[in-house]
Amino acid sequence: MYTMNINKITDVALKALTAALLALALVLTFTVSDYYIFNRISFSGDEDSFNLLFVFSQWVKKAGYLLIPLAVFYKKKSCADIAKCFLPVFIIASLFTYGNFFEVTMLTESASSADKVYASINEFISPTANKVLFFLASAIELIICVLLFLRDSYNVSGKSFIYLPFAVIAVMPLNIFENFFDISNFSRDGFLWFKNFTLWHFLALAILVGFTIGAYYVLKRKTPQAQRDFLAAAAIVLLIQYHSKDSMVMGDGYNVYHTVFACIPLFICNIGVYVASLSVFLRKRVLYAISFFVHAAGALTVFIYFGKDDMSNYGIFCSYSILYFCLTHILLFALSVLPSALGHYKFKIKDCIIPLIYYCLVIVVAAVSSGLVSSASQGFTYDGYTLQGFGGWDDPNCEWLRPNYAFTQINPVPIPVPEIPITIWKCQLNILYLIILYLVYVGLFWAFTGGYYAFLRVRQLIENKRAVGAYNGELVSETAATEEDTSEENKE
């Protein structure tokens, strides 16, 4: 009885502490320094660089955000073995090698007046609060490792560590490749620059299709529980990589965005990250339906057309912006379609009602929020300087904000739409464009769903043909065997 109570208390403590760790990890992504360090690795100790040991320790700690939830909530022994034996070394190392990690700021003397305004908004978590949260998260992660020893004892399987490289690679900071190149040395017209319908665009699309099909054929041979575990791991990786953008936006910038307002998840695929992840965690039909009907088609659509090139600044194929965009959308698409493909959920036509209402609400909320943020930005100030509009929203030098859910403000295709204006505070939106945007995407959702049913029909025909072939083969074999038996009887 006593042992049972200890085990129960340990299990409850592990779950509570894991939830607290993940919450702190989320808050810490809204500090500039969190991902700022990964493309500034140095052995020389320069002022704007960071020690390799500290950088790698922070990377491994992020692997803990994948391993610990799988060990605690999904009882994965391999993850628990890695966490309790491997993580403490790097957690402790990070506590003694952080250097100027907490001093990272965009409020520098060389920054422009507008950049200082943006930085004053982004750096709402003070260095002192950052330090407190950092050490608290590290302490909780260490306690969790100790409790895993208490829960599972010292029994460790050597085979568990096979998964360690996969865990570390899965949460790789995608800006780490920027240690090897300077983006300012590359031209927008160069071969390596990512644009619509280039080699890199088609390669990204091929990887999306290949990963999803490959994952399907691998997982369909696994047990339903193994499939759910894989999908849960993929969802955690998606959430970790998705939230890397928080710190990147506030530090080096992501695409054309550079303030924390761009981190508000109102772009359709941003919301999809949460919906698709929750669908595999909670296994609720309504979440599966929204993921499959709305977010699978949405993720696929942006892979086919990324929007007007002059609206984006993805950089070369291995820069953070393009790697982040491709990885998160590949995982989003896979998590949206695999549960249905694997039979965890069967989409029915009636299931589209809630997703259609949901998408309408997304458009309305995103439009209103975008208008409010853009309007408010016209009064953002710091140290006596107010953001300037210059020639208005169409001026490339305009400093006012259009957050990344401004797809409700900006038409991404080179086809003009007649104006039926609606004003939200100081910002004018085109209500006709919003209606067309909704209807076009609804059409795409239905086209994707039609393609899915066509795929199911073709697959059924192939399976029926194979079944008939196998049946005929059995008949031929039985007939041959009968004839052989008759022949033997005649001989006798």
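Starting from 1, each residue takes its place in the sequence as its number.
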> Hey, does Phe194 have a side-chain heavy atom less than 4.5 Å from the side chain of Ile316?
Replying inline: no
> Is it true that atom CD1 of Ile354 has more than 12 heavy atoms of other residues, nucleotides or ligands lying nearer than 6.0 Å?
Replying inline: no
>> Between Gln388 (side chain only) and Ala114 (backbone N and O only), is there a donor and an acceptor less than 3.5 Å apart?
In response: no
> Does any N or O in the side chain of Ser375 come within less than 3.5 Å of the main-chain N or O of Lys426, such that one atom is a donor and the other an acceptor?
Replying inline: yes
> Do other residues, nucleotides or ligands put more than 12 heavy atoms under 6.0 Å from the NZ atom of Lys195?
Replying inline: yes
> Do the side chains of Asn100 and Val104 get nearer than 4.5 Å, heavy atoms only?
Replying inline: no
> Are Ser277 and Tyr242 close enough that a side-chain donor and a side-chain acceptor fall under 3.5 Å?
Replying inline: no
>> Under 3.5 Å, is there a donor on one side chain and an acceptor on the other for Lys61 and Ser138?
In response: yes
> Ignoring hydrogens and geometry, is there a side-chain-to-backbone donor-acceptor pair from Gln378 to Leu401 under 3.5 Å?
Replying inline: no
> Passes ring pair (Phe, Tyr, Trp, His ring centres under 6.0 Å), Phe347 versus Tyr452? Steps please.
Replying inline: CA-CA 10 Å; Phe347 182 81; Tyr452 168 72; 7.1 Å; no
>> salt bridge (charged side-chain N to carboxylate O under 4.0 Å, His left out), that's the test. Do Arg285 and Asp351 meet it? Break it down for me.
In response: CA-CA 9 Å; Arg285 187 174 188 83; Asp351 291 340; 3.0 Å; yes
>> Under 3.5 Å, is there a donor on one side chain and an acceptor on the other for Glu178 and Ser319?
In response: no
>> Does Leu434 form a side chain to side chain contact (heavy atoms under 4.5 Å, CB included) with Asn430? I'd like the steps, not just the answer.
In response: CA-CA 7 Å; Leu434 294 175; Asn430 184 354; over 6 Å; no
> Tyr358 and Val275: which non-hydrogen atoms are nearest, and at how many Å?
Replying inline: OH-CG2, 3.7 Å
>> If we count only N and O atoms by modelled type, under 3.5 Å, do the side chains of Asn130 and Ser33 hold a donor and an acceptor together?
In response: yes
> So Tyr254 and Tyr324, would you call those rings parallel, tilted or perpendicular, with 30° and 60° as cut-offs?
Replying inline: perpendicular
> Under the side chain to side chain donor-acceptor pair (under 3.5 Å) criterion, do Glu399 and Tyr385 qualify, and how do the steps go?
Replying inline: CA-CA 12 Å; Glu399 296 170 347; Tyr385 181 82; 2.8 Å; yes
> Has Phe202 got more than 12 heavy atoms of other residues, nucleotides or ligands less than 6.0 Å from its CZ?
Replying inline: yes
> Aromatic rings Phe134 and Phe102: how do their planes relate, parallel, tilted or perpendicular, breaks at 30° and 60°?
Replying inline: perpendicular
>> Could you check whether any side-chain heavy atom of Asn255 comes within less than 4.5 Å of a side-chain heavy atom of Val249, counting everything from C-beta outward?
In response: no
> Would you say Glu123's side chain and Met106's backbone share a donor-acceptor pair under 3.5 angstrom?
Replying inline: yes
>> Would you say that more than 12 heavy atoms from the other residues, nucleotides or ligands in this model lie under 6.0 Å from the NZ of Lys62, or not?
In response: yes
>> For Asn270 and Lys245: C-alpha separation, side-chain torsions, deciding distance, then whether side chain to side chain contact (heavy atoms under 4.5 Å, CB included) applies.
In response: CA-CA 11 Å; Asn270 295 161; Lys245 184 183 69 175; 3.8 Å; yes
> Using 30° and 60° as the class limits, which term best fits the ring planes of Tyr36 and Phe50: parallel, tilted or perpendicular?
Replying inline: perpendicular
> Is the closest side-chain donor-acceptor distance between Asn39 and Asp252 under 3.5 Å?
Replying inline: yes
> Is the shortest heavy-atom distance from the side chain of Leu107 to the side chain of Tyr382 under 4.5 Å?
Replying inline: yes
> Sub-3.5 Å donor-acceptor pair from the side chain of Asn122 to the main-chain atoms of Val260, do we have one?
Replying inline: yes
> What pair of heavy atoms forms the shortest contact from Leu387 to Trp400, and how long is it?
Replying inline: O-NE1, 3.4 Å
> Does the ring pair (Phe, Tyr, Trp, His ring centres under 6.0 Å) test come out yes or no for Tyr257 and Tyr118, once each step is laid out?
Replying inline: CA-CA 11 Å; Tyr257 308 111; Tyr118 302 142; over 10 Å; no
>> If we check ring pair (Phe, Tyr, Trp, His ring centres under 6.0 Å) with Phe448, which of these qualifies: Phe292, Phe293, Tyr441?
In response: Phe292
> Under 3.5 Å, side chain of Asn179 to main-chain N/O of Ile41, donor-acceptor pair present?
Replying inline: yes
>> Could you check whether Phe445 and Tyr359 have their ring centres less than 6.0 Å apart?
In response: yes
> Distance only, no hydrogens: is a donor on one side chain within 3.5 Å (strictly under) of an acceptor on the other, for Gln227 and Tyr216?
Replying inline: no
> Taking everything shown except Phe166 itself, do over 12 heavy atoms lie less than 6.0 Å from its CZ?
Replying inline: no
> Does the side chain of Leu192 reach to within under 4.5 Å of the side chain of Phe186, using non-hydrogen atoms?
Replying inline: yes
> Between Ser42 and Asn51, is any pair of side-chain heavy atoms under 4.5 Å apart?
Replying inline: no
> Do the side chain of Trp200 and the main chain of Phe191 share a donor and acceptor less than 3.5 angstrom apart?
Replying inline: yes
>> For the backbone of Thr31 and the side chain of Asp34, can you confirm whether one donor and one acceptor N or O come within less than 3.5 Å of each other?
In response: no
> Taking the side chain from Thr328 and the backbone from Phe325, do they hold a donor-acceptor pair closer than 3.5 Å?
Replying inline: yes
>> So for atom CZ, which belongs to Phe177, do other residues, nucleotides or ligands contribute more than 12 heavy atoms lying within a distance under 6.0 Å?
In response: no
> Any side-chain heavy atom of Ile330 within less than 4.5 Å of one from Ile207?
Replying inline: yes
> In Å, rounded to the nearest 0.5 Å, how long is the span from OG1 of Thr301 to CD1 of Ile268?
Replying inline: 11.0 Å
> Does Pro265 reach the side chain of Val273, with side-chain heavy atoms less than 4.5 Å apart?
Replying inline: no
>> Can you see whether Ser244 engages Tyr320 through a side-chain donor-acceptor pair at a distance of less than 3.5 angstrom?
In response: yes
>> Keeping Ser374 on the side-chain end and Gly371 on the backbone end, is there a donor-acceptor pair under 3.5 Å?
In response: no
